[in-house]
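Here's the structure we're looking at; comments come further down.
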Amino acid sequence: MAIIFNEEKKMFHLQTKKTSYVMWLVDDYVLLHLYYGERLESLAGLEDTVNIFEESGFSANDYNLEKKDNLMSTDVLPMEYSFFGSTDLRKPAFHAQYENGSRITKMKYLSHTITASKPKLKGLPATYTENDKEADTLEIKMHDELTGLTLIYRYTAFNEYDAITRSVTAVNEGTQKINIKSIMSLSMDFYDNEFEFIHLWGGWGRERYLERTPLIRGNMNIESRRGSSSHHHSPFFALARKNASEEQGEVYGFSLLYSGNFEAGAETYNREHTRVYMGINSFDFNWLLEEREEFNAPEVVMVYSANGIGEMSRTYHKLYRERLARGKFRDKERPILINNWEATYFDFDEEKILNIAKTAKIAGIELMVLDDGWFGKRDSDNCSLGDWYENKRKLPNGIKGLAEKINALGMQFGLWFEPEMISVNSDLYRAHPDWCLHVEGRGRSESRRQLILDLSRDDVCEYIINILCTYLENAPIAYIKWDMNRNMTEVGSAKLSPDRQQEIYHRYMLGLYNILETVTQKFPDVLFEGCSGGGGRFDAGMMHYFNQYWTSDDTDAVERLYIQHGTSMVMPPVFMGAHVSAVPNHQTGRTTSLKMRGDVAMCGQFGYELDVTKMTDEEIEEIAKQIKYYKSVREIIHKGDMYRLKSPFECNCTAWEFISEDENTVLFSCFTAQAKLYLTENRIRLSGLEQTADYKRREDGKIFNGGVLMNNGILIGELRDFESKVMVFDKIIN
Ligand code: GLA
């Protein structure tokens, strides 16, 4: 069992391969958080590291322990989960209002269960097990007698995957209505604040830039109020010890499996304690919980690494690609695609698409994706979303006819959709003006000339499911690109009562998850790629449904170094859609070599997005070589371990390394943005190799010792602006 309840000490001990997580049930009442870190084999003495009667000036005492004279205060103790109404006046994880207007919640331990494996989280994305031996689950029931509210704290310890997941369920077991105002998925206290905060921020075309900053004495908060996890912040952060680097030091990662409004952060207090929290954003949130109803908060995945940030990322990568991602494509190589967006934008017809496909086929590309503009009257982004019938002027033979012609070329066919949206200029909007999010009597603010369908409504969700199913059933579509191109404003629903209007953001997400679950389960042979103006909703929640995600609309190879580097904090390369596009780049105007564009894109889920019919024979030949090469190394990148050797955020050079699952092959790639002469960056130390083994470089047959590569480094020579180098090393097995 990876979870033990120590009866004598009243401690819950969750163990994974390398970590321990300990909670202490004091007086059968209050649950303290005692420890999270390197695996402990014994808990001897752990209770003596906490003084539960710690002096508490200006902190009230709310648990009178009968057997002792002293009083304790939850305001100064490390709490496992905090609720407003106790004497803990730090940021509460749970806050509710009851029928008599009271906001006081007092939770007392009721019971607990420990079971093998992991139960499903109803309606929400979650990690999963494939057999009962992979993980154990602990459920602790806390109850408030006066209000009848029960909170279930749920923890799963994945042993080999070395991660712990958490979620919380609220159940109304009383007789009154409860308004939940805040329900975090994670709240946890650390005894000190010697940390730095690592998070991912950005904007459209600049997603998941890395920032590392000391904690402030106050609240360090990242959040989204946009109705989507957003381009601006990611539902992920890490606390790293000040000395922690990629290779060493303690790091705690927190990743939320949710795609809507979230909040997360770290608050430090007068005693230099730190409280971390993460969950659905309580801003503009209220959930009315009627008698017998329950509410599930989304899952958080916690990863502790004693060996640096790199190890934390590798743990996330493996867990997410093997126990978050699902379906046939989880373990399968994906087709190499070409997308027509940057080649044609809205200006295409069947002939143009077929010509692109024909040339792409010569180069070895396997899947032709038709992007935006194939439906309704859509020749620009100002109309037709919702009118999902083919534009016969552009596609006289419809989607089916085009898909069949592409198939006849020996390629698969993929199609772009933006199912959650509705254009004001559309037949759908004229027929159903109340189907979008809106507030009666207020204007409807457009973004990209579109509004958002109200996915809190069952009829709207059914409409979307039907449209998608009809296309997938009637045409040979092997791939769907699922886009979502705006954030929410005037969030209101015509169907919900006034007292439930603040539920819409979350009901929208539940509606969306349900659509995604239905469609992806019904069409297991279709590859689904997520997109939201690039990587605007590229979060762990989405990756339960999509096998890959369009990482950014910025396809410039240099910008992609930053974006892919930051994204790799938590997302594995196999999730990251990455395409070679034309130069000068359409977003930045920068010109980089075809080699560098290829080498950067190969570090993700490889594809092309340019007009191959305008390329020379030599360039098509080069593409053919890239594809051949990519096929020979992709398994190392997609299933192997990633090491970030040099960060674009810190120097001119970016270097990544991937070690194959069997540890026998190593792919090293490095890139320069701005060449600097005579810099030591020209020698880069590798990581994670076998110290005593020898490795043979594929490119020239030279032999290098693992110790030499790791301790002395590899010489990469002078790289010019926008140059890249890739090397593969095979371990010599005696
Ligand atoms: C978004 C996507 C692009 C493209 C366009 C089409 O911006 O991120 O890749 O599909 O929409 O309108």
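Both counts, for ligands and for their atoms, begin at 1 and track the order of listing. Computed from a prediction, not measured in an experiment: that's the story for all the values here. The figures that follow rest on heavy atoms only: side chains count, while hydrogens, waters and symmetry mates do not.
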Point to revise | Closest protein heavy atom (residue, atom, distance) for atom 10 (O) of ligand 1 | key: D371 OD1, 2.6 Å
Check your understanding: Parallel, tilted or perpendicular: which describes the rings of F417 and W388, with under 30° parallel and over 60° perpendicular?
Key -> tilted
Point to revise | side-chain hydrogen bond (donor to acceptor under 3.5 Å, both in side chains) evaluation trace for Y505 with N281 | key: CA-CA 10 Å; Y505 290 106; N281 201 335; over 6 Å; no
Exercise for review: Determine, using heavy atoms of H579 and all atoms of ligand 1, whether some pair is separated by less than 4.0 Å.
Suggested key: no
Check your understanding: What are the atoms of ligand 1, with element, lying closer than 4.0 Å to any heavy atom of G534?
Key -> 8 (O)
**Study point:** For W550, atoms of ligand 1 separated by under 4.0 Å from a heavy atom
**Key:** 8 (O), 9 (O)
Review point. Is the shortest side-chain N to carboxylate O distance from R378 to D372 below 4.0 Å?
Key: yes
Practice item. Indicate the ring-plane relationship of Y513 and Y545, choosing parallel, tilted or perpendicular according to the 30° and 60° boundaries. Key: parallel
Review point. Any idea which part of K481 is under 4.0 Å from ligand 1, heavy-atom wise: side chain, backbone, both or neither?
Key: side chain
Review point. Does a side-chain N-to-carboxylate-O contact under 4.0 Å join R486 and E418?
Key: no
Point to revise | Nearest-contact summary for atom 11 (O) of ligand 1 - protein heavy atom, Å | key: D483 OD2, 2.9 Å
Exercise for review: Hey, can you tell me if W341 and Y345 have their rings parallel, tilted or perpendicular (30° and 60° cut-offs)?
Suggested key: perpendicular
**Study point:** Heteroatom distance test (N485, ligand 1): nitrogen or oxygen, under 3.5 angstrom
**Key:** yes
**Study point:** Ion pair K377/D387, N-O distance below 4.0 Å
**Key:** no
Check your understanding: Can you list the atoms of ligand 1 that are under 4.0 Å from a heavy atom of C531?
Key -> 2 (C), 8 (O)
Exercise for review: Identify, by atom number and element, the atoms of ligand 1 in contact range of R448, meaning under 4.0 Å from any of its heavy atoms.
Suggested key: 6 (C), 11 (O), 12 (O)
Point to revise | N/O separation below 3.5 Å, D553 to ligand 1 | key: yes
Check your understanding: Is any side-chain N of the basic residue among E517 and R326 closer than 4.0 Å to the acidic one's carboxylate O?
Key -> yes
Review point. Does a donor on one side chain sit under 3.5 Å from an acceptor on the other, for S228 and R537?
Key: no
Point to revise | Structural part of N339 in contact with ligand 1, heavy atom criterion under 4.0 angstrom | key: neither
Practice item. Determine whether the side chain, the backbone, both or neither of E609 has a heavy atom under 4.0 Å from any heavy atom of ligand 1. Key: neither
Review point. Between D372 and ligand 1, does any nitrogen or oxygen pair lie at a separation below 3.5 Å?
Key: yes
